[in-house]
Amino acid sequence: MQWLYLCFPSLQLDSLLHQQAYSQACVLVDKNEVVQANPEALQLGIKNGTGLAHAALLCAQIKVIAYDAKKEHRLLSQLAQCLYQTSATFYLDPPQGLLLQTSDMLRLYEGIGGYWQQLQQPLIERGLNYHYASAHSPLAAKVLAHAGNDRLLQHQRQVQMLLNQLPIQHALLDHKLALQLERLGLNTLGQAQALPKSALGQRLGKTLVNYLHQLEDTSAPTKPAYQPPERFRQRLELLYEIEHSSALRFPLKRLLTDLEAFLAPRQLKVAQLSLGLDYREHASQKMHVGCSDGEYRAESWLSLFLLKLEQLKLPAPIIAISLTTKGQMPWAPLSEQLFEPTQGKLTTGQLISRLQSKLGDHAVQQVYLRDDHRPERSFYQGAPQSSYPTQQATAFLRPSLLFTLPQALHHKPDQHWCILSGPERIQSGWWDNVNICRDYFIARNPAGQVCWLFRTATEDWFLHGYFS
Amino acid sequence: MALLQLEKDRLVWRARQVTGPDQRRQSSFYSTLDAHLQGGWPQTGLVELACGLAGIGELRLLFPLLAQSQARLQVWINPPAQLNGQALAQHGINLSKTLLIRCQNPQHALWSAQQSLNSGCCSHLVLWAKNLTSPQAKRLQVAAKDNQALMFWLHPQPEPSTSALPVSARFSLAPLATGLRLKIHKYQGQWPQHPCQVDMHKLWPSLAMPTVTTAPVPALKRNINLVSLNSHKLQ
């Protein structure tokens with residue numbers, strides 16, 4: 001079996017810096033020690049392992065960010081999600097490594113060259129620094145990649161040659177063990193491999209023997225291979241704090257592009273997205289945007305989000321955003337549009353979601369009928385639905401405009417009014433305590449409006465609507 | 001120089017620049033109105049209806065048209081009261097193709113009108129708004145024309161706006177005993193016309209005044225008698 005190891009020595013820093021062009025020295029610090037540094041910092045002489053005080057002395061304006069292993073692990077799995085498009089079997093090797101099984105993929109990509117080209121693409125897009133090496137055994141690949149080998153080797157002989165020359169300090173051995181080997185005069189890995197294993201085991205312990213065995217072991221790691229998650233969930237740490245909602249556009253677009261890359265190959269779309277906004281010194285907030293028809297394209301989601309963001313006032317600067325989905329559904333691209341000519345650029349569902357994003361969910365409604373004799377309860381307004389059973393309207397003539405609250409008439413209709421029809425008595429609602437007893441008339445007032453009036457049992461007159 | 005400035009301010013138009021008005025019509029299903037307007041409502045564009053008071057029959061004027069064309073959405077924006085689903089259904093309007101939008105902000109109302117038109121999935125749009133400026137009307141007119149939609153703008157003024165709004169047609173409505181009197185202030189592609197009397201008696205016999213309009217008093221009395229009779233019967 002052939003293995004390829006990818007390692008990302010500055011994964012967290014690269015991901016942060018990729019968001020914005022940053023031309024100053026910038027380092028990640030863990031326990032007062034620099035663990036990742038950008039090229040500008042390296043130029044000033046700041047290396048991994050430099051103390052924070054020393055780094056600050058070398059560059060007063062240095063930007064210091066705390067290293068977070070959890071965040072880096074999250075970034076690694078995001079990267080894995082992306083690489084799953086090109087590779088079938090691979091293993092996460094936290095915190096910074098990926099082990100890919102290449103032998104199965106070579107036939108698909110017609111050789112290691114084509115495969116590597118495909119694999120490189122997302123890494124370059126994300127602006128990541130990486131080292132790689134291929135070898136016959138997982139450990140050999142890892143050791144060579146960490147040593148910065150950056151070569152794709154086809155033959156075991158070549159790999160062995162490189163391993164032979166590898167300084168023992170770079171062999172990813174325990175520091176103490178490496179020192180012991182050096183004191184024995186074994187300066188390269190080849191020298192250690194040449195000695196009988198049993199003798200080495202007796203003197204230096206089991207760890208070294210296991211290591212040497214693994215260096216030649218071509219079988220797959222015992223842990224399970226990477227499986228992409230069922231649902232999309234992604235978080236983006238921001239290099240800068242965002243204080244205006246309009247500035248969210250670019251980080252949001254990146255998340256949505258990742259969402260599209262997640263959904264499109266799975267032939268899925270989502271009905272709702274939740275954008276989590278993490279504030280500095282303020283409780284985080286969630287923002288929901290829906291699209292009743294479902295959608296997967298980043299462009300469409302972005303326009304919906306921008307409508308919603310217009311109205312958003314930030315209570316505090318934003319430090320991170322996250323995106324989760326709700327209601328994933330299969331996406332059938334051609335089943336509807338093949339025979340029905342569509343004139344528009346949007347479907348009904350897309351229009352509704354766009355309107356709802358800007359105006360709020362309650363502003364866009366559909367009218368539904370209900371079996372009730374009471375006029376104000378014989379219909380209701382609710383959220384639009386694409387399909388529902390048709391309902392039968394009442395046989396009695398009803399006004400097209402109806403007041404929510406009937407308006408009291410100060411004067412009883414006099415001789416200037418013309419009663420056109422009536423009365424129609426509506427007495428109903430004894431079961432839910434909204435009992436009405438009204439005599440309805442259709443009447444035309446002197447101004448020419450056709451009104452729907454009613455008279456209560458107490459001889460009070462009300463205007464309830466217009467036959468507009 | 002002066003002419004150029006005038007042209008720039010759109011105060012002068014050249015006859016040869018005009019491509020000719022859109023002559024396509026859709027029937028209003030009122031024969032007199034169709035005859036008067038040489039075929040009915042415009043196929044696309046913005047139509048201004050100055051209604052004056054609500055409830056004189058302004059929607060009944062549109063219902064036959066709306067009941068006939070239900071392939072795409074019909075959008076209603078900011079009606080002055082609740083839109084009664086029962087009445088719409090009675091008039092043959094498909095409620096599943098009806099979208100109701102309510103917003104306080106008049107700017108948002110115009111925005112949603114434009115979005116609905118531009119989406120291409122809306123065939124008719126009825127908007128209640130107090131007034132439109134010339135650029136707003138132009139935008140809506142262009143959106144409606146580009147997307148094969150007809151938009152009605154209803155407002156409560158008794159007379160249409162005097163400014164030269166770029167609309168396809170402009171009418172003012174006044175109630176009549178049996179229907180509506182339509183004053184045609186502008187109709188693209190047509191010379192000014194006499195007012196037209198739309199008879200709604202056939203479609204809504206019970207909403208038309210009895211032909212004897214001279215003595216409404218006995219009518220009321222008769223009805224009231226009927227009321228008491230009926231209420232006895234009901235009780």
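Just so it is clear, the values below take in all heavy atoms, side chains as well, and ignore hydrogens, waters and symmetry mates. So that the names make sense, note that chain A is the first sequence line, chain B the second, and so on, each numbered from 1.
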Discussion item. Whether the A:His373 and A:Ser378 side chains hold a donor-acceptor pair (N or O, under 3.5 Å, no angle test) is what I'd like checked.
Written reply: no
Practice prompt. Using only heavy-atom distances, determine whether the side chains of B:Gln148 and B:Thr44 contain a donor-acceptor pair under 3.5 Å.
Written response: no
Using heavy-atom distances under 4.5 Å, tell me whether [X] contacts chain B through its side chain, its backbone, both, or neither.
X        : value
A:Leu307 : side chain
A:Gln381 : side chain
A:Tyr380 : neither
A:Leu355 : both
A:Ala443 : neither
A:Arg444 : side chain

For chain B, find which of [options] contributes the most heavy-atom pairs closer than 4.5 angstrom.
options                                : answer
A:Tyr368, A:Phe403, A:Trp452, A:Tyr466 : A:Tyr466
A:Val364, A:Asn445, A:Leu369           : A:Leu369
A:Gln385, A:Gln365, A:His362, A:Gln350 : A:Gln365
A:Leu402, A:Ile442, A:Val367           : A:Leu402
A:Pro384, A:Ala447, A:Gly465           : A:Ala447

Under a 4.5 Å heavy-atom cut-off, does chain A meet the side chain of [X], its backbone, both or neither?
X        : answer
B:Thr98  : backbone
B:Trp111 : side chain
B:Ala208 : backbone
B:Leu88  : neither
B:Leu61  : neither

For atom [atom1] of [X], decide whether the heavy atoms of other residues, nucleotides or ligands shown that lie under 6.0 angstrom number more than 12.
X        : atom1 : result
B:Arg181 : CZ    : no
B:Gln104 : CD    : no
B:Lys130 : NZ    : no
A:Lys253 : NZ    : no
A:Trp431 : CH2   : yes

Worksheet item: Does A:Gln366 use its side chain to pair, donor to acceptor, with the backbone of B:Leu99 at less than 3.5 Å?
Response: no
Item to complete: Could you tell me which of B:Cys103, B:Ser96, B:Ser112 has the largest number of non-hydrogen atom pairs under 4.5 Å with chain A?
Response: B:Ser96
Worksheet entry | B:Trp204 and B:Phe63 aromatic ring geometry - parallel, tilted or perpendicular at 30°/60° bounds | tilted
Discussion item. Would you say the ring centers of A:Trp461 and A:Phe441 fall short of 6.0 Å from each other?
Written reply: yes
